[in-house]
Structure formats: structure tokens, C-alpha cells
Amino acid sequence: ICILACSIARKKTVSFSSMPSDRKMNSTAACMAFMMEGCEMKKFRSNSRMYSRYFLLDPDMRWLRWEPSKKDSEKAKLEIKSIKEVRLGKKTPVLRSNGLSDQFPDECAFSIIYGDNYESLDLVASTADVVSTWVMGLRYLVSYGRHMVGVVEPSQPSVRTSWIGSMFELADPERQGHIDLFRATQIIKGLNPGMRESRIELKFKELQKAKDCYGEGIDLDIFVEAYCELCTRPEIFFLLVQFSSNKEYLDSKDLMLFVEVEQGVEGVTEEMCREIVRKFEPSAEGRDNGYLSIDGFTHYLLSSECHIFDPQHKHVCQDMAQPLSHYYINSSHNASLLEDHYWGSSDLSSYVRALRMGCRSLEVVVWDGVDCEPVVYVRSSVASQLAFCKVVDVINQYAFESSEYPLILCLVTHCSVPQQRVMAQHLKKILGDKLHIEPPNMEDHYLPSPEKLKGKILIKGKSLPSDSQDSEGEVTDEEEGFEMSRRMMGGDDKDQLNGIGCKQLRLCKELSDLVTLCKSVQFRDFETSKREQKHWKICSFNEVDANRFANEFPEDFVSYNKRFLSRVYPTPMRIDASNMNPQDFWKCGCQIVAMNYQTPGLMMDLNLGWFRQNGNCGYVLRPAIMREEVSYFSANARDSLPGVSAQLLHIKVISGQNLPKPRGSAAKGDVVEPYIYVEIHGIPADCAEQRTKTVSQNGDNPIFDESFEFQINLPELAALRFVVLDDDYIGDEFIGQYTIPFECLLPGYRHVPLQSLTGEFLPNTTLFVHVAITNRRGGGKAHKRGLSVRKGRKAREYTSTKTTGIKVVDELFRASTQSLREATDLRENVQNAMVSFKELCGLTPAANMKQCILTVSSWLMNSERAQRVTVDLSGAYPTMEAHGPVPELLRKVLTAYDTMIQTSRTLIESADGVYSKLTQAQRAGLDFHEDLHRIGAREGLKGRKLQKAMESYAWNITVLKVCSFSLCSIMLFPLYLI
């Protein structure tokens, strides 16, 4: 433990915040100068009283003073060497107290922990920028206070300045000592591609004017100064200093700690970190010595290795052996159109674009053409037509370029029987073996899996009865294509059945036989479908009807989609080809939500972002609660799910880089005044949005420094969207956006690439954010765990079972009540103990155990008095014990650690028994599943009462499943700790 303490004691919690915008804080010298000038801040006492004081750092950097004060001036001061720790945010009992916590934002508060008794000086500044300056400067003094020689005025060139000098020398081969403005500008722009040339030139001219050499060549000193001011990002500079054992770079051990503790990467080695240095450090000296300078660190944080999107999801990473109905399927509506339904022209490139974007369901609307050649178009005008055979040929070429999983071809046929036969011939001839023609297995209850259907094209459409021997027959045409044509050509509303267009259509057997696993049928009601519909039959829903079902029968709609495919298409009233919100139907389990790919905007952002999470293969596995045969889920859930504690997403929007003017904006000049919306899209209980302030200075590289917290009840169906807008706009305000599924988020400091309205990535345009997820259920990645609010036993919410009205079933579930309470207590006790330990360490619930150990060890190493704490790993459970007297705060920390270990021990030793009881109750409950309807009817339940009994039964089974799973998940942490 002593070795561990020595190696990590110098590390501190990282400040997110930036420097004041009116002065560039790109060095510790700038921080010291600001602190010596001083500023006014509010000082808080334990009695919740507040005092305004002027704080400043002594010129000798040994004392922090404040004035005015009733105290003697010699008492209104704090010796720097007595400071144990500087905490950013509300991380002391004083600042967390109810009387103060809501009076100011977290970013404007910080605390100085000092003295052998770990007292706190709690301060609040006017802005987060001022807080950052003080936190940065004080932490630096605490770390290097005894070795301050050369801090403010370095006596020799640093690794960075030496490298910048070498760049200057390459541009000055004749050793004239200066280079022209254009050349100097191009060098800096080459090293920072996103930076505007006008900004670089202006900086050079400002520095020349300040040194009375305006109009002359750029010498080395001006070049180095300009580069440091332009290319030093303060938020990254602060981050480097907090983790650096040397004031100007990170060595491999520093970097290893950052990658493991802050970025949540497991299994980090020094060799991996040395490889990062070799890859991203620009200076030869740094690479040779294994140092990562501020420039190398910036390059690393901007690289794909620190992208917010988890690279595991760039490849197919989900189980692809589930039935087809268990997946969301990327779908296109009217894929041939380039624009809207009235004015848009058809083009083959639209099909290519959709397929390359991962689309796995294409709609093809076919009409009679001249010379018995069917044509494709989607509006009343026949001016823009595509030959059906050419459309099929393009689909054949590009069907599996981006994904090897099955493609569903939705045929909407308005052709005469002779041209239908031509369609069938083209499909068989062009698609060949790719065409799926095997009839469905009558003994199966579900469709085959995407894995089993790899490389196959499925035809969705109407079909004749399987026992029909005639060469043609009549079928009901209730597809959306007819609905569109009816509205455009003035059809009668009498041709409507259940809100869907309806007329008779002659269909030839040749075309009918090509429809195997996706036979279109008319939807009547959920009870009829449950009783009569076969698994290979699919219903299409107008978005209006689908919305009505989602609102009136949310549980039934979810249950229906567990077994059957459903397709939702836009109402024909969307003549502008606008898009519906796919989340409205994904929450119901609808697999195929047809989108107008030609229309960009929020809805397409959600669709394209959502389908990135499984290698962009066009298929995303639906949440288990929507797939399991016996489970309860309501599409309109506005509260937490049964037995599931919500997860909390903590987002810190730190800064933006190289933000352009909105495309189409009529505002003059290059001024951008950006603000950001952070949005959550998912089930109704999760949908939320929050916005940052508008940054009016340095808008193309703004500093936001704002934190947001979102409650996520169903992570598997949630997506996070960043939208950057311009407050100083005339016309278009949109700058860029990025949408990412919740399950693809990586924790830590991450850059977010921004996309244009049409989906192209904007070059060198990013947001810099910090991500943390607390109280995350199990399921895999090394996310940070914890809770933001502790619940005592009296305030604890226990999930209970519901009464079904069936005596024997109710008795079974009632017997499991105690086990459910025990499982909740075990889980909550461990989580509460963890939060207590973290808070006493001065950290947030989002912190991890490594950060806690960092803090405790830093206290020990920075103490003036000899203090010794050992960790005993010889027993079954690790203990932490103090030897000799220790301060009261450290004593409380050790007690909290012991409580955490003891609650973890209780969990580990008791969980198996509780888990066994829960699973036994679950299995016993499932034994009633097949006969539940009959048992309920026998006890006199019918109609809505019987339906309610079935829902309560599914709720109870879901509660037992989820509580069992949560118990197993929380056990992972104690086992990891031990």
C-alpha cells in the first residue's frame, strides 16, 4: 500500500472548467498572475452564512489571503503548504447542505481542504472560469510548491517550445531569423487544420503591434508565442497538469492512470501508453523519452481512441440468431424519390444511397408501363419513371454491399396481371439465388433469424391462398400505395377499412409464389391477430392508426410485435415527404418504421444514429423486455419500469471546436454565437432536453462548462443527441448535430464529431464533453457506478407484485414479497455504502474506487504528520486500518470503507439464497402461463378483467426477472473490489 500510495498520491480530481475568456490562460504562469491580482468571491460558513471577500495570492506564492475581514490581517490567511486538497464543485457538507446547494451552480463552487484536521474553506465565485483558474493554480502550488524555481519564468526551453522552434527552423532554411506572415500562417494552419487563417493572421499582427515590429517578418519569439496562444486549449492544459508528474507533459505512468481512471479503459499497460506517445506526440524528443506534451495530449483526445462512440459497436456485436421479429429493421419509404411526393423526381441513385446507409427494407411502387414493361414511380405524374427491371438490377448490385443480412423488398403492385408476370420474371432472373422462395415452416412459431437469412432478399407483398391452384386470383389491396393513389386521384372514403385503403386486386400466381416470409395481410384487431395470424404474415399500419393503437392499446401493441412483424409508414398527408418520429413506434416494438431518406432533419438523425449501434448492418436487437414471451412493458410508460432503478446520465459540455457559420445564414461576417441542446429520445419517461448558455465571445471555439443530468429508465431504447445552433443568425440557425444510442456511449473525456444537416461529418468540428453513468445495470462495459441520491430504509421504494384476481396465482406471488424486499435491501445497502465512502473522499457518486484510493493516498502523502494506513489482502475481504492517531475525517473515511466492505460481504453471502428464491418463484409462476387464460375464466374473469389479470401476471413475472438480474449485477462490484 505504501508503494501504491507513493505512485498515485500526486494525482488529483480533474477540473472540467475553462479559463476566463478575457485573458488566455494557457500556462501556470498566467494562473499565478491572475491569482496574485485577486478577485472577489463568497465565503460560506457551516452556519450557512455567506461573506463577500477579496481573495489573492501573495507574491511569494506561500500564502492565500482575503480581505476585508474582522480578523487581524495575519489571521485572514491560509498557508499554501497546509492545503491537503482542492475540490471542485459542491463536495463538502457545507456546500451540500440544503440551505446552500440550490443557490449556485456546481461549477461556481470549490473547497480548500487544509490543516491536520482537514478543515474546509468553502468558496463560490461569480463564474466557472474564475473557479477554474483558482482550482488550477492552487492544485499546481500544492503539487509543486516546494519546487517553484522556474515556474513563472522558465530558464530553459521546454519540450514544446523546442519542438515549435524546430518547426520555425524548417521554414527558415537560410537562418534569417524571421519568416513571412503567409508562411507562418500556413505552418500553424497545417498543424491545426480547423483553424481559420484570418484568426492566425490577426494574432500575429496583434503580437507584432505589441512589440513595435508591425509589418516586419515573424521572428521565432513571436511565432512561439502565437502558436502557444492559438493552439493551447485551456481545458486540455488543465487536464494535463492535474495528471502530470511533471508540469509540462505526461509520462507513460501518468497517461496510464488517466486512461484507466478517467476513460474507464480496462487492462491498461505502460506499453499501451508508450504506444499512444509514439502515435500522437509530435516532438522527436517527447517520443524518444516517452513524454506526451500538451500538443500530443490534444491530438490523442481528438483521435478516434477518445471518440464518444464505443468502437465495439462499429461491428456487428449483437446476437443475430434471434427471430426476425425481435429486431428493429432500418427501412426506407418511397426510396426512389429525391424530393417530396408532388415535385420530387425518381432516380436510381436514391436506392443506392439508401442501401449504402444500411437500409434493409425498401419500398418499390410498381405500375403498368409501355410495351408491357412495369415502371416504378410514386406520384400521379408519370413524367418521372424508372424501369422496374433497372430498379431490381440496382438493388441486386448493392443489396449486400453494406450489410450481409436479409433485405426486405416491399412491393406495392398496381400492375395488370400480364405485367405482374413480367415483374416475377425480372425478379427471378436478376436476383437468382438471392431471392428467398422457400415456404415457411408451419411448425415454427417465429420467423427465421437474420443469421439464417444472410444474403437473402425477401419479398413482402400480397399473396394468394397457399392451396390455390388457379393461375390468378383476387386479393384485398390495403397497402399504403393504394391509399396514396386514392388520395391523389380523388378516391372515395368508402374505400376505407379500419383506416386503411381497401379494394380488390387481381394477382398472378407467379408473383404470389415469390412472397414467402412476409405475406401482407390486413390488420383487424389484436385479439383476432393473436387467434388467427401466422408468424409469416405482416401487417402495415398508417402512422395515424399506429399512433392510435400505441395510445389506446400500448401493452397489446408491444405484445403483438413480439411474434409478428409490423410496418409503419407515413401518412399520405405528408406531401412534403417529412418524417414521423421513429421512437413513437420503436417504443411499441414496431420493427419496420419507413422513413423518407430524402428528407434530412431530426427524425432522420434519430434513425441513422440509432442503427449505428450494431455495425450499421440495418438490424438492432430490441430490448429483452420487448422480446420475452412473458414480460410486461407499456409503450406509454411515464415512470420507471417494474423492478428497475433508473440510471443517471451525467453530461458535461465543456467546449466546442471550429464551429462554422450555419449553412444558408444571411448574417454577415464570421461571428458565431453558439448554444447547444442536449436531448434524450426514448420512451416517454426518458424524453428530455436541456440547453447551454449562448457563448458570444470566441464563438467558433466556445467554452460552455455546463453540466446536465438525465434519468434513463430504459437505456436500451434511449438515444442522446447534441444539437449546436447559432443565436446570431438570420435565416438558418443549424450548425451541426450528433446522435448516439445510449448503449454506445463511452465514459470519460470524449470528443463528439458534428454532422451537417444532410449527415456529412463537418471537418475538424467537434464538441468536448465528459460522460459518466451511475447506477448502471450489468451488461458489460466499464462504466462508472454509483447513485446520486441515497435512500434510507424508511424512504426506500420497494417494488411490489400486483393482484391478478386468480387465487392460486396471487398466493404464489405474495409469497415472494419478502424475497423481493431482501433483494432491494441488499442492493440499496451496498450502493448507499459506496456513495457514503465516495462523498467522504470528496468525490461525486460517478467516481470509481480507484479515484477514491487516489484521494486517500494523496492525503497521506501530503500530511505534515506521519500517518500510516495499511490494506490487508490476506483475508477473504480486504481491510483498511490506521496505525496511530489520524484526523477525524480520515477516521470517518476508514469507517465508511469498512461499512462498504461489510455490506458487500453481506450481499455476497446472502445473494445466492435470495436469488434462488426469486428464480424458483419465477419458474413456478411460468408454469401457469399456458393455462392462465383458462384458469382465469374458470374463476369467473372475462373481458377486461381477464385482460387485466394477464397484464398483472406479466408484470409480476417481469418484476421477479428484473430483481434477480439486478441482484446478480450489483454483485459484480463487490467481487471486483475484493
Crowding at [atom1], [X] (>12 non-hydrogen neighbours, <6.0 Å):
X	atom1	result
K693	NZ	yes
K42	NZ	no
R62	CZ	no

Can [X] and [Y] be counted as having a side-chain donor-acceptor contact under 3.5 angstrom?
X	Y	value
R160	T232	yes
S707	H650	no
T870	E881	no
N658	T765	no

I would like to know whether E229 and K203 meet salt bridge (charged side-chain N to carboxylate O under 4.0 Å, His left out); could you show each step before the answer?
-> CA-CA 9 Å; E229 290 199 23; K203 176 56 64 177; 3.0 Å; yes
Take E85 and T855 through the test side-chain hydrogen bond (donor to acceptor under 3.5 Å, both in side chains) and record every step on the way to the result.
-> CA-CA 9 Å; E85 182 187 359; T855 301; 4.8 Å; no
May I ask you to decide whether R750 forms a salt bridge with E305, counting only side-chain N to carboxylate O separations under 4.0 Å?
-> no
Output yes when K90 and D122 qualify as a salt bridge under the 4.0 Å nitrogen-oxygen rule, no when they do not.
->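 Not counted as a salt bridge, because no side-chain N and carboxylate O are separated by less than 4.0 Å.
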Nearest-0.5 Å distance that lies between atom [atom1] in [X] and atom [atom2] in [Y]:
X	Y	atom1	atom2	answer
F238	R139	CZ	CZ	11.0 Å
L57	E37	CG	CD	11.5 Å
M136	L239	CE	CG	10.5 Å
D116	L890	CG	CG	11.5 Å
T766	L659	OG1	CG	8.0 Å
L64	I83	CG	CD1	6.5 Å

Contact check, side chains of [X] and [Y], non-hydrogen atoms, under 4.5 Å:
X	Y	answer
M256	V268	yes
S655	Q657	yes
F768	V752	no

Step by step, would you call R891 with E888 a salt bridge (charged side-chain N to carboxylate O under 4.0 Å, His left out)?
-> CA-CA 5 Å; R891 180 73 62 188; E888 181 62 22; 6.0 Å; no
Taking only residues two or more places apart in sequence, or in another chain, which ones meet T127 in a side chain to side chain contact (heavy atoms under 4.5 Å, CB included)?
-> D129, V130
Test ring-ring contact (aromatic ring centres under 6.0 Å, His included) applied to F280 - qualifying residues, sequence neighbours left out |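 If we apply the ring-ring contact (aromatic ring centres under 6.0 Å, His included) test to F280, skipping adjacent residues, the hits are Y300.
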Taking only residues two or more places apart in sequence or in another chain, which ones pass ring-ring contact (aromatic ring centres under 6.0 Å, His included) with F168?
->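 In terms of ring-ring contact (aromatic ring centres under 6.0 Å, His included), with neighbours along the sequence ignored, F168 is linked to F223.
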Would you check, one step at a time, whether the test side chain to side chain contact (heavy atoms under 4.5 Å, CB included) holds for E839 with R96?
-> CA-CA 10 Å; E839 287 185 349; R96 277 198 295 258; 3.8 Å; yes
What are the two closest heavy atoms between [X] and [Y], and how far apart are they?
X	Y	result
E285	S162	OE1-CB, 4.3 Å
G38	L56	CA-CB, 3.7 Å
F297	L292	N-CG, 3.6 Å

Identified side chain to side chain contact (heavy atoms under 4.5 Å, CB included) counterpart of I187 within the set N192, I200, I179 | I179
Indicate the ring-plane relationship of F104 and F44, choosing parallel, tilted or perpendicular according to the 30° and 60° boundaries.
-> tilted
For the pair Y738 and H307, name the ring-plane relationship: parallel under 30°, tilted 30 to 60°, perpendicular over 60°.
->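 It falls in the perpendicular class, over 60°.
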Just by distance, do the side chain of D58 and the backbone of M61 share a donor-acceptor pair under 3.5 Å?
->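 Between the backbone of M61 and the side chain of D58 there is no qualifying donor-acceptor contact (under 3.5 Å).
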Can K279 and E275 be said to form a salt bridge (charged side-chain N to carboxylate O under 4.0 Å, His left out), step by step?
-> CA-CA 6 Å; K279 188 174 182 180; E275 180 58 32; over 6 Å; no
Take D295 and Y249, measure what side-chain hydrogen bond (donor to acceptor under 3.5 Å, both in side chains) needs, and give me the verdict at the end.
-> CA-CA 9 Å; D295 299 288; Y249 54 74; over 6 Å; no
